[in-house]
Engineer: 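Have a look at this one.
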Amino acid sequence: MPRVQNSGHVDVHGTLVVGVYDSGRPGGSSARPQHGNRPAVAGLPAASDTRQARGLEQGTSLLSLRVGFPPNAPPLSFADARGQPSGLARDYLQLLGQAGVTLVPETSHDWYDLREKMRGGRIDAVMAVPDDSRYLGKDWVFSQPFISVPNVIVTRRGSNTVDMAGLSGKRILLSDPERLRVQVLQSAPGARIIAARSAEQALQRLLDGEAQAYIGNLALVDRLLRQGLSGKLRIAAPAGFNDQLSLAVKREHAWLATRFDQLLQDMGPRERERLRDGWLAVDPPADTHWGTVARWGAAILLALLAALLVHALGCWRLKREVAGRRRLERRLAEVTHNLPAIVYQMRRAPDGRLDFPYVAGDMQPLFGIERQQAMASAPAVMACIDERDRADVEAAIKHAARDFLPLVLEFRTLATSPPRWVRSQAQPYAATAGTVTWSGYWVDVTDARAQADALQQAMVVAEQAAEAKARFLATMSHEIRTPMSGVLGMLEMLAHSSLQPGQRSQLVEAEAAAQALRQMLDDILDYAKIDAGALQLDPLPLPLRPLLESLHRQFAPAAAARGLPLRLDVDPRLAAAHEADGLRLRQVLNNLLGNAIRFTDEGEVALRVEVLEGSADSLQELRIQVIDTGVGIDGETLQALFQPFAINDVPPQRDAGGAGLGLALCQRLVQLMGGRLQVHSVPGAGTEVDVLLELPVASNDDLAATVPGPGGVPPLPVGLRHARVLVLEDHPTAQAMMAWRLQQLGVDHAVASDGREGLQLLSSSLFDMIITDCRMPVMDGYAFTRLLREREERQGDRRLPVVALTASLLEEDLRRCRDAGMDEVLTKPLSLVHLRQCLLRWLPAQVGDAALADG
């Protein structure tokens, strides 16, 4: 019998006619996504003999594939009351069941959830995906489209927008922005795109005034407008492009897309139109006969009688289910009343009103009210929250409702004095017409907060004690070092006077003792600086081979005086220059070579440099070794040597004086360089000390820039030196090198160690450009750039240039940079010349003539 309602909306493209709805079809005019338990094969036909035969023809046997579908896009695709696929997607899934596979439906919260499952490989096939969704990656293959639905422009009633050109420069909501952004911006340049999780949410936000228009699928829009929004919103005009819905499958199942294409071809246009018209609106026939209506009327009457019987049976079943549910609720209440937590359900309406439909547990100790009061009045619950935290709680709930996010927060309540700390954690599970529902729990974390606060206070006290010690050591070392310099100066003057042989011998001894004392004071001062965090590395382009040869020449005479050969072995793969702090590296190797020669009586001492496997052209992993055949060290003594000022219990043969800072200081300096220091020793057989470092390879341009003369790279034009650059880099050496390059070019800058710290700096300071490393802890460069672009769109801020800095040359990594929203990619090793050219391209020039003259 006909089950239609006239609507009067007709698609002018000829692809889809929307105007009459099949209200008797499952998920008709009021269908919305529901989530439930997923059976092995739900709502789809079992594998028949015919399907088995066709599957064997494809060489697949009976496979089991996880299949997804858009859950909230009626009438094209949605989840029914049991969470199973419905709409036009269900009919084509049933058709797909003839391809020789077992389809296991996967229910998703919304299109965003489904898309993340596709990207994460948690699903094998998806029905009703637009065939231009290329951003999903090259691992997905699309069939021929089985339906084409036009996109339309939706505006508030009274708006004068009539076409895409009229949207230029305005805010536009998109429920699939990654796919439609380019097409929209081509027709409406300068438009500001705002992302929404669904068409339903987008229309609600359009009503709230967050944007001037929404662009989306006509079938979805028309259905939503008929559910109560038609008096407030209107379809203004076609958008000029269609959604071509297809089957998407993983590349390893590409045969399934081919098989689906064959099934579509076998169906023919008439059968496909029949499936489409069963779910989408069609025009009523103009020549309706009353005789036909009478015949159908009898059928309708019988259908109504059958419906009454079904309704009576449903009421009986509903009463039984309600009784069972009440028994379960009583049992749950008994259990939760004895738990140290409160379980709740919370709803937030579009106007911001809260209510708690369900609360289980003892609320009196935490909130000072009974659960009945909480369920009767949400303001009573909010009034129990400390005023210092109430605004933050309300803001967190509003933000979570807008983006359908989990709630994780802590706040104080006024049930007792002092206040109790409560942790709330809840997951959203439903969103209907702008109303979001969470289920979660409250738990008392007062004791845990007190322990955390005590630990934090203890850390502060310990840090203050360490800082005080470091300041004392630094002050005393500095005060002693000043007169020590005078002593050395006087000894040097005395050495240039005429002395008797005995006096000159005494002078040499005095000068050696004074130099040893100065070295000890320098070590104490450096260690104090490291403890206080005041010792900064100054990495510059440094040729390592000349440094090692210089050390060999310096220590060869001392080794020869003890009858020892000093051998130097350098790996031929060692790069010409690296970015390193030459002064501190020399200090470490000086200490290690001095100890090796001092405690070796026979054999040899060797200085070796090896380039480790896995090194790249832009970053070399080095092992610098100092090896001797001396007395060696046992394990217990070795541990003591790594403790500052620990010179007790050192064997007599190794006790050569000093402050006991040698290895401890070397270890701290190497750690400051981002490396490791390892000692391997056998008593009586010798010692091997390994310094493991990762050093960036310096470019020839950077190396030349450190040499004074006309070959240096000039600073930026005066017109560009007003700009500020934010650098995101976690490696200390790379941080220092980037700071040095920007200083050479005369550019003001700030440095952050990860993306989260960078976002905080952008919130408090103004910058004109960002240079970010791609791989960082906490938040990498890709995530940072995506969040920055989203914040710029949401707040209407200007677009900051973001330049990536990476050592990878793989096309996949370069594409990730572009997809994240980065404007340019610089590869390591970065030269000063290339950095200058990049700054000239992206920094905003306020004195354009100067920039052009220089450029």
Side-chain angles (χ1 to χ4, degrees), residues 9 11 15-16 18 21-22 25-35 43 67-93 96 105-118 123 125-133 136 142 145-152 154 173-180 195-206 214-227 229 233 235 239 241-248 275-276 278-281 404 430-434:
H9 285 70
D11 173 26
T15 306
L16 172 68
V18 177
Y21 278 89
D22 183 350
R25 201 68 180 263
S29 61
S30 62
R32 64 176 181 266
Q34 300 290 335
H35 307 291
V67 60
F69 58 96
N72 53 356
L76 298 174
S77 175
F78 60 96
D80 63 17
R82 296 177 296 115
Q84 300 307 302
S86 191
L88 189 62
R90 184 196 68 178
D91 293 346
Y92 280 98
L93 281 173
L96 185 62
E106 286 280 345
T107 304
S108 306
H109 289 295
D110 52 27
W111 167 241
Y112 277 74
D113 184 27
L114 176 62
R115 184 184 64 186
E116 292 306 310
K117 288 181 179 178
M118 295 176 71
I123 205 165
V126 181
M127 182 61 73
V129 176
D131 64 352
D132 57 349
S133 303
L136 294 174
F142 296 84
F146 57 84
I147 190 171
S148 177
V149 185
N151 284 280
V152 294
V154 182
L173 283 156
L174 296 177
S175 53
D176 197 358
E178 292 185 79
R179 181 173 63 89
L180 299 180
R197 293 191 71 95
S198 65
E200 186 177 22
Q201 186 195 77
L203 294 181
Q204 183 62 47
R205 293 171 69 177
L206 178 61
Y214 166 66
I215 296 178
N217 185 289
L218 173 59
L220 278 66
V221 167
D222 196 76
R223 176 64 58 90
L224 292 171
L225 291 184
R226 294 180 181 283
Q227 291 177 353
L229 298 177
L233 301 176
I235 297 177
F241 47 88
N242 293 1
D243 286 347
Q244 307 279 349
L245 301 187
S246 304
L247 168 69
L275 291 181
R276 182 197 68 181
W279 289 100
L280 303 181
F404 201 73
T432 306

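One-based numbering along the sequence shown.
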Engineer: Using side-chain heavy atoms (C-beta onward) and a distance below 4.5 Å, is Ile215 in contact with Val154?
Structural biologist: no

Engineer: Does some side-chain heavy atom of Asp132 sit less than 4.5 Å from a side-chain heavy atom of Arg179?
Structural biologist: yes

Engineer: Looking at every heavy atom in both Ser198 and Asn72, which two are closest together, and how far apart are they?
Structural biologist: CB-ND2, 3.6 Å

Engineer: For Ala125, give me all partners under side-chain contact (heavy atoms from CB on, under 4.5 Å), at least two apart in sequence or on another chain.
Structural biologist: Val67, Leu247, Val249

Engineer: Could you tell me if Trp111 and Asp176 have a donor-acceptor pair between their side chains, going purely by distance under 3.5 Å?
Structural biologist: yes

Engineer: So which heavy atom on Arg226 is nearest to which on Asp222, and how close?
Structural biologist: NE-OD2, 2.8 Å

Engineer: We want to know whether Asn242 and Ser148 form a side-chain donor-acceptor pair, criterion being a heavy-atom distance below 3.5 angstrom.
Structural biologist: yes

Engineer: Taking atom types as modelled and ignoring hydrogens, do the side chains of Asn151 and Asp243 form a donor-acceptor contact shorter than 3.5 angstrom?
Structural biologist: yes

Engineer: Is there a side-chain contact between Trp279 and Leu76, using heavy atoms and a 4.5 Å cut-off?
Structural biologist: no

Engineer: I need the minimum non-hydrogen distance between Met127 and Ala89, along with the two atoms involved.
Structural biologist: CG-O, 3.8 Å

Engineer: Heavy atoms, side chains only, cut-off 4.5 Å: are Asn217 and Val152 in contact?
Structural biologist: no

Engineer: Can you find a pair of side-chain heavy atoms, one from Val129 and one from Leu245, that are under 4.5 Å apart?
Structural biologist: no

Engineer: Report yes if the side chains of Leu88 and Phe146 come closer than 4.5 Å at any heavy-atom pair, otherwise no.
Structural biologist: yes

Engineer: Who passes side-chain hydrogen bond (donor to acceptor under 3.5 Å, both in side chains) against Glu178, sequence neighbours left out?
Structural biologist: Arg115, Arg119

Engineer: Could you report the tightest heavy-atom contact between Ala195 and Arg205, atom names first, then the distance?
Structural biologist: O-NH1, 3.0 Å

Engineer: Are any side-chain N or O atoms of Ser77 and backbone N or O atoms of Ala128, one a donor and one an acceptor, separated by less than 3.5 Å?
Structural biologist: no

Engineer: Could you tell me which residues satisfy side-chain contact (heavy atoms from CB on, under 4.5 Å) with Ser175, sequence neighbours excluded, listed by chain and number?
Structural biologist: Tyr214

Engineer: Using a 4.5 Å cut-off on heavy atoms from C-beta on, say whether the side chain of Phe78 contacts that of Pro85.
Structural biologist: no

Engineer: Considering all heavy atoms of both residues, which atom of Ala219 and which atom of Val149 are nearest to each other, and what is their separation?
Structural biologist: N-CG1, 3.8 Å

Engineer: With rounding to the nearest 0.5 Å, note down the distance linking OG in Ser246 to CG in Asp131.
Structural biologist: 4.0 Å

Engineer: Within this structure, what is the CZ-CD distance for the pair Phe69 and Glu106, rounded to the nearest 0.5 Å?
Structural biologist: 9.5 Å

Engineer: Could you state the interatomic distance from CD1 (Ile123) to CD (Glu116), rounded to the nearest 0.5 Å?
Structural biologist: 12.0 Å

Engineer: Heavy atoms only: give me the nearest Gln201-Arg197 pair and the separation to one decimal.
Structural biologist: OE1-N, 3.0 Å

Engineer: Any sub-3.5 Å donor-acceptor pair from Lys117's side-chain atoms to Gly68's backbone N or O?
Structural biologist: no

